[in-house]
Amino acid sequence: MGTRDSQQQEGHPFGTAAQPSSARDAVNEMIEAGLLDGLMDTVDRGGLALTGQGGFLPELVKAVLERGLQTEMSDHLGYDKGDPAGRGSPNSRNGASGKTISTEVGEVDLEVPRDRAGSFEPRLVPKGSRRAGGLDEIIISLYAGGMTVRDIQHHLQRTYGTELSHETISKITDTVLEEVTAWQSRPLEEIYPIIYLDALVVKVRDGHQVRNRSAHIAVGVDLDGVKHVLGIWIQASEGAKFWAGVCAELRNRGVKDVLIVCCDGLPGLPEAIEATWPSSTVQTCTVHLIRAAMRFVSYQDRKKVAAALKPIYTAPTAQAAETALLEFAESDLGRKYPAAVRTWENAWERFIPFLEFPPEVRKIIYTTNSIESLNYQLRKIIKNRGHFPSDDAVIKLLWLAIRDIEDKRARQRDKQRGLPTHQRNAPARLVEGATVQGWKQALGALALHFPDRLDPYLN
């Protein structure tokens with residue numbers, strides 16, 4: 001699922017991976033020279049802390065930053081401190097100002113040099129900055145992992161000895177909103193063979209009340225079988241008007257056609273799809289249909305009913321499926337659970353398109369698991385939150401979480417690149433249940449079923 005389509009690259013959907021640095025080599029040289037032995041002995045004896053107030057690492061960061069600031073000042077003035085070449089210069093050093101910044105290793109007290117003309121603009125620690133750059137990334141990463149603002153505040157205090165206000169942490173996480181907005185409006189592919197739609201229930205504060213809202217997520221599968229999260233929409237209730245707006249947005253962002261839309265009987269969606277892409281097929285998720293029917297079945301009969309329903313969704317044709325449904329309805333189990341029969345009858349028109357496709361396609365559109373597997377991970381992230389302050393906060397967290405999930409998957413695939421197939425267990429970029437070859441077969445079957453719509457994009 002690439003959430004930054006324009007930046008997606010093999011093995012790293014969110015852009016290129018960071019290049020390895022020489023930091024490890026420098027540390028190894030210090031270890032080989034024995035420079036760290038005495039330091040670690042002191043730490044082990046409890047005579048020195050590594051982080052926090054007065055710790056070794058904050059003092060090391062202080063020394064490095066202050067040296068860098070002095071170098072910047074020398075470049076700004078055109079001469080080094082104490083250099084006779086500076087005599088008579090129109091500008092000169094003018095002491096230093098104290099400043100405290102928050103870093104990944106704790107708070108650091110700096111002496112920032114000044115010049116008499118007041119024209120020095122440090123780049124290493126810019127004016128007005130109270131945090132080192134890496135700390136912002138840590139905060140955003142913790143937020144994406146599901147920690148609340150106050151959890152992050154306590155974590156930074158306990159782990160790094162860094163005190164940041166609730167408002168400061170909120171502002172740091174809000175810096176991604178512009179990127180989220182750009183992602184929500186980015187151009188999309190002209191055609192997606194399959195789109196999956198599903199929703200998560202989240203709690204959002206509305207005035208003085210907390211209300212349930214649905215966070216709808218659309219995942220599109222492109223011609224290469226790669227999944228892309230197309231967008232996130234927050235809505236209090238589903239309906240034709242809401243889905244018409246979603247479909248119109250996708251169309252305006254470049255989606256000219258969708259072959260199949262897999263969903264869970266979302267109200268108003270079929271009408272919105274048909275109004276936007278008249279030739280698209282709306283397919284009810286077969287697994288959801290089975291689960292809906294099972295709600296009316298007692299626990300001891302579920303295995304029997306599941307076995308009795310299987311001939312319906314594995315039937316070779318719609319007529320054979322209808323015959324299997326009638327046989328189930330007239331059986332002892334069907335008469336015992338008439339509500340289960342009505343569930344299938346009510347969804348019949350949205351179920352039978354599934355039966356028109358060969359096994360390669362059925363395997364992919366049989367269920368919305370391609371999006372539910374994502375939703376499962378997102379639910380783990382949002383479960384610790386009592387509620388969100390706004391709809392934007394929901395979208396911000398979900399976007400960050402999706403980005404982190406995909407980055408993690410990309411790193412796993414990158415590590416396993418070149419290994420034999422049986423040794424790879426990293427999550428695939430293709431739709432669930434489809435290998436590269438399996439997707440090619442499914443795409444070929446779709447091309448036979450929708451030749452006029454798909455051939456122009458394959459040739």
Side-chain angles (χ1 to χ4, degrees), residues 194-201 212-218 235-244 260-275 280-359 361-373 375-376 379 432-433 449:
I194 303 171
I195 285 182
Y196 301 94
L197 290 171
D198 203 1
L200 293 167
V201 176
N212 285 342
R213 291 186 182 271
S214 296
H216 302 279
I217 300 177
Q235 180 72 6
S237 60
E238 296 171 338
K241 184 177 181 180
F242 166 70
W243 285 115
I260 304 170
V261 178
C262 299
C263 59
D264 180 22
L266 303 173
L269 178 59
E271 294 78 10
I273 292 289
E274 290 162 359
S280 295
T281 300
V282 181
Q283 173 63 53
T284 294
C285 171
T286 304
V287 171
H288 277 86
L289 188 54
I290 295 171
R291 290 174 183 168
M294 287 295 183
R295 289 202 306 265
F296 307 102
V297 179
S298 62
Y299 181 79
Q300 59 267 28
D301 288 334
R302 287 192 174 184
K303 288 186 178 180
K304 295 179 183 178
V305 172
L309 292 176
K310 189 172 182 179
I312 301 174
Y313 57 85
T314 58
T317 64
Q319 185 176 357
E322 187 174 359
T323 300
L325 178 60
L326 289 174
E327 291 176 355
F328 172 70
E330 293 171 357
S331 67
D332 292 341
L333 287 173
R335 287 193 292 269
K336 185 176 181 180
Y337 301 109
V341 176
R342 285 195 299 272
T343 299
W344 280 85
E345 291 174 343
N346 294 338
W348 194 251
E349 291 303 316
R350 297 300 177 188
F351 161 71
I352 55 176
F354 168 82
L355 303 172
E356 299 176 5
F357 299 102
V361 178
R362 287 191 186 189
K363 188 176 182 179
I364 296 173
I365 65 173
Y366 167 77
T367 177
T368 57
N369 275 353
S370 283
I371 191 170
E372 287 189 355
S373 62
N375 284 352
Y376 171 75
R379 287 189 182 98
E432 274 76 4
H449 197 85

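Each residue takes its place number in the sequence, starting with 1.
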Given I290 and W344, is the side chain to side chain contact (heavy atoms under 4.5 Å, CB included) satisfied, shown in steps? CA-CA 8 Å; I290 295 171; W344 280 85; 3.9 Å; yes
Worked verdict on V305 versus F328 for side chain to side chain contact (heavy atoms under 4.5 Å, CB included): CA-CA 9 Å; V305 172; F328 172 70; 4.1 Å; yes
Between Q319 and E322, is a side chain to side chain contact (heavy atoms under 4.5 Å, CB included) present by the stated rule, with each step listed? CA-CA 5 Å; Q319 185 176 357; E322 187 174 359; 5.6 Å; no
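Closest non-hydrogen pair, R350 versus P270, comes out as NH2-CB, 3.1 Å. Taking both residues in full, the closest heavy atoms of A307 and P311 are given as O-CD, 3.3 Å, listed atom of the first, atom of the second, then distance. In terms of heavy atoms, V282 sits closest to C263 at CG1-SG, 3.9 Å. Minimum heavy-atom separation, A292 to T343: CB-CG2, 3.9 Å.
Considering CG of L200 and CD1 of I217, their distance stands at 5.0 Å, rounded to 0.5 Å. Here T281 contributes atom OG1 and H449 contributes atom NE2; the two are 6.0 Å apart, rounded to the nearest 0.5 Å. Remark: M294 CE to L289 CG distance equals 10.5 Å, nearest 0.5 Å. A distance of 10.0 Å separates OG of S214 from CG of D198, quoted to the nearest 0.5 Å. Rounded to the nearest 0.5 angstrom, L309 CG and T286 OG1 are separated by 11.5 Å. Note: L197 CG to H216 NE2 = 9.0 Å, rounded to the nearest 0.5 Å.
With contacts defined as side-chain heavy-atom distances shorter than 4.5 Å, the pair F357/I260 qualifies.
Without hydrogens or angle criteria, Q283 side chain to F354 main chain gives a donor-acceptor distance under 3.5 Å.
By the salt bridge (charged side-chain N to carboxylate O under 4.0 Å, His left out) test, R302 pairs with no residue at all, sequence neighbours left out.
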Quiz: residues 334-341 side-chain donor-acceptor pairs under 3.5 angstrom, not counting sequence neighbours:
from, atom 1, to, atom 2, distance (Å)
R335, NH1, E330, O, 2.3
R335, NH2, D332, OD1, 2.7
K336, NZ, D301, OD2, 2.7
Y337, OH, S298, OG, 2.7
Y337, OH, D301, OD2, 2.5

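Exactly one residue among N346, L325, I312 makes a side chain to side chain contact (heavy atoms under 4.5 Å, CB included) with F351. That residue is I312.
Within 6.0 Å of CD on E274 lie more than 12 heavy atoms contributed by other residues, nucleotides or ligands.
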